[in-house]
Protein chains: 2
Amino acid sequence: MSNLSPKRGPETRARLLEVAEQSVLAKGFAATSIDELIAAVGITKSGFFYHFKGKGELAEALLQRYIDNEEELLDELFRRGDELHEDPLHGFLVGMKMFAEMMLDLPEGHPGCLVASYCYQENLFSKDIRALNKEAVLGWRARFRTRFDLIAARHPPKIDVDLDALADMVSVLVDGGIIVSKVVHDKRVLPQQIMLLRDYVRVIFLGT
Amino acid sequence: MSNLSPKRGPETRARLLEVAEQSVLAKGFAATSIDELIAAVGITKSGFFYHFKGKGELAEALLQRYIDNEEELLDELFRRGDELHEDPLHGFLVGMKMFAEMMLDLPEGHPGCLVASYCYQENLFSKDIRALNKEAVLGWRARFRTRFDLIAARHPPKIDVDLDALADMVSVLVDGGIIVSKVVHDKRVLPQQIMLLRDYVRVIFLGT
DNA sequence: GCGCAACTGTACCACAAGTCAAGTTGGCGG
DNA sequence: CCGCCAACTTGACTTGTGGTACAGTTGCGC
């Protein structure tokens, strides 16, 4: 009766996605109930079904939003890194440093990766969603592979290494780092791992 | 009426744990129903509750079994590695190589890590279970930290590195590698990552 | 022929996803 | 200033399933 207005639609939807993401990362998708979400947002069940056809559509919107946000974050990070250095290697090193610092600045540590969460509940989701997840990981691989090719052109690797595997190592370390951080309740683990990878890349292309 | 016998208890329990683990890794714990497990094993619901007081007890037994198995596997791997080399570094390198090969030999790839799965559904579990999970990760850290101390004593690191972080890197790479392997449906990713870490450790302690 | 391990049978209740129909509110475009 | 539409609300209802309780049963081993 008070705060009803035709333009609040997208906002309510966004709040639904926000609380849903938190709940999914804490309990998993199956244990996240619609009742719980609408209670947190302050709408009724029919209100939920106005925004999403069903739980599956919520899952997809959730993942898409997460992937888009991450992509934007990475774009921004390495854009800033490259702003400071013409050399792609040093741009990468700066980007990784900023990444690590950003993760360390999160007060509660990284809240979790939806890609990883969905991966461990893959049977709950449609083919479409699983494909989306796969595309996200392959996107990271392509992004960093391109970067490493650029770096290798200027700094021939001192150590023989598969650049696709090295590119995957970014996703691997982030997802693994988040897990170990969460399990041992030490938010420093993820940034430490990012810095370890950074050092590895430096030693591969610079030799020290 | 046919196959009832007082000694089949532990066997039935083990079968329950086996199918439960598969289901949990595929769908998550919340979406794994008791009905489904008993159907797969061929007992009634009451039979389940004879073996476990409730779902929580199943969760705990499941995790404990998983952790014990992993520990045994690692013990065996590096025992065999050390058998072939007196030098702890080379024992480690051989152990990692065997680890990578073992992962590559799994026909369907690694089925998943329960520690990671539980981590992404932590709110479903009791304090005890969460503590167990934490202990498992800290156990891996201690194991590899001890190993790296031994290695460092004989081979002073050529690159400055935090040995605790390096020890964590094993857990991180395994958990992250499993996720990326699963998501992109390429079982080679995990072994590749293990080999990358192996190379990193070699370059840290040997310089090449 | 007794006891105990290893179950079975049956019943219950909460809650979750989803459906459906009908009504309400408030801003905006004409 | 009127009417339409987005963005909801109300409320009732179905259908399924999930975890749990508890009393009874079976058959091997002693």
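The model shown is predicted, which means the values in this text are computed figures rather than measured ones. Letters A, B, ... mirror the listed sequences (proteins, then strands); counts begin at 1.
- The interatomic distance linking Arg13(A) (CZ) with dC8(D) (C1') rounds to 15 Å, in whole Å.
- Two rings, from Phe78(A) and Phe99(A), have their centers 6.0 Å or more apart.
- Rounded to a whole Å, the CG atom of Leu37(B) is 15 Å from the P atom of dT17(D).
- Residues from residues 25-33 of chain A that place a heavy atom under 4.0 Å from any atom of DNA chain C, listed by number: Thr32(A), Ser33(A).
- Aromatic rings from Tyr200(A) and Tyr200(B) are positioned such that their centres are separated by under 6.0 Å.
- Residue Tyr50(B) contributes atom OH, which lies 18 Å from atom C1' of dT20(D) at whole-angstrom precision.
- With rounding to whole Å, Phe52(B) atom CZ is found 14 Å from dA6(C) atom C1'.
- Using a 4.5 Å heavy-atom threshold, the side chains of Ile159(B) and Asp199(A) count as separate.
- Screening residues 22-44 of chain A for ring pair (Phe, Tyr, Trp, His ring centres under 6.0 Å) gives Phe29(A)-Phe125(A) as the qualifying pairs, with residues at least two apart or on separate chains.
- Rounded to a whole Å, the CD1 atom of Ile34(A) is 8 Å from the C1' atom of dG18(C).
- Looking at Ser117(B), its side chain never comes within 3.5 Å of a backbone N or O of Leu25(B) through a donor-acceptor pair.
- For the pair Phe49(A) and Phe48(B), both in contact range of DNA chain C, the more 5′-proximal nearest nucleotide belongs to Phe48(B).
- With sequence neighbours excluded, no residue forms a salt bridge (charged side-chain N to carboxylate O under 4.0 Å, His left out) with Glu71(B).
- Partners of Gln192(B) under the side-chain hydrogen bond (donor to acceptor under 3.5 Å, both in side chains) rule, at least two apart in sequence or in another chain, do not exist in this structure.
- With hydrogens and angles ignored, the 3.5 Å screen pairs a side-chain donor or acceptor of His110(A) with a backbone N or O of Gly112(A).
- At the phosphate of dA6(C), neither OP1 nor OP2 sits under 4.0 Å from any side-chain N or O atom of His51(B).
- A 4.5 Å side-chain heavy-atom check between Leu106(B) and Lys187(B) finds every atom pair outside the cut-off.
- At whole-Å resolution of the value, CG in Leu58(B) and C1' in dT20(D) are 15 Å apart.
- Residues from residues 40-47 of chain A that place a heavy atom under 4.0 Å from any atom of DNA chain D, listed by number: Gly42(A), Ile43(A), Thr44(A), Ser46(A), Gly47(A).
- Taking atom CG of residue Asp35(A) and atom P of nucleotide dG18(C), one finds them 11 Å apart after rounding to whole Å.
- Sorted by residue number, the list of members of residues 121-129 of chain A with any non-hydrogen atom under 4.0 Å from DNA chain C is empty.
- A distance of 7.5 Å separates CD1 of Ile34(B) from CG of Leu58(B), quoted to the nearest 0.5 Å.
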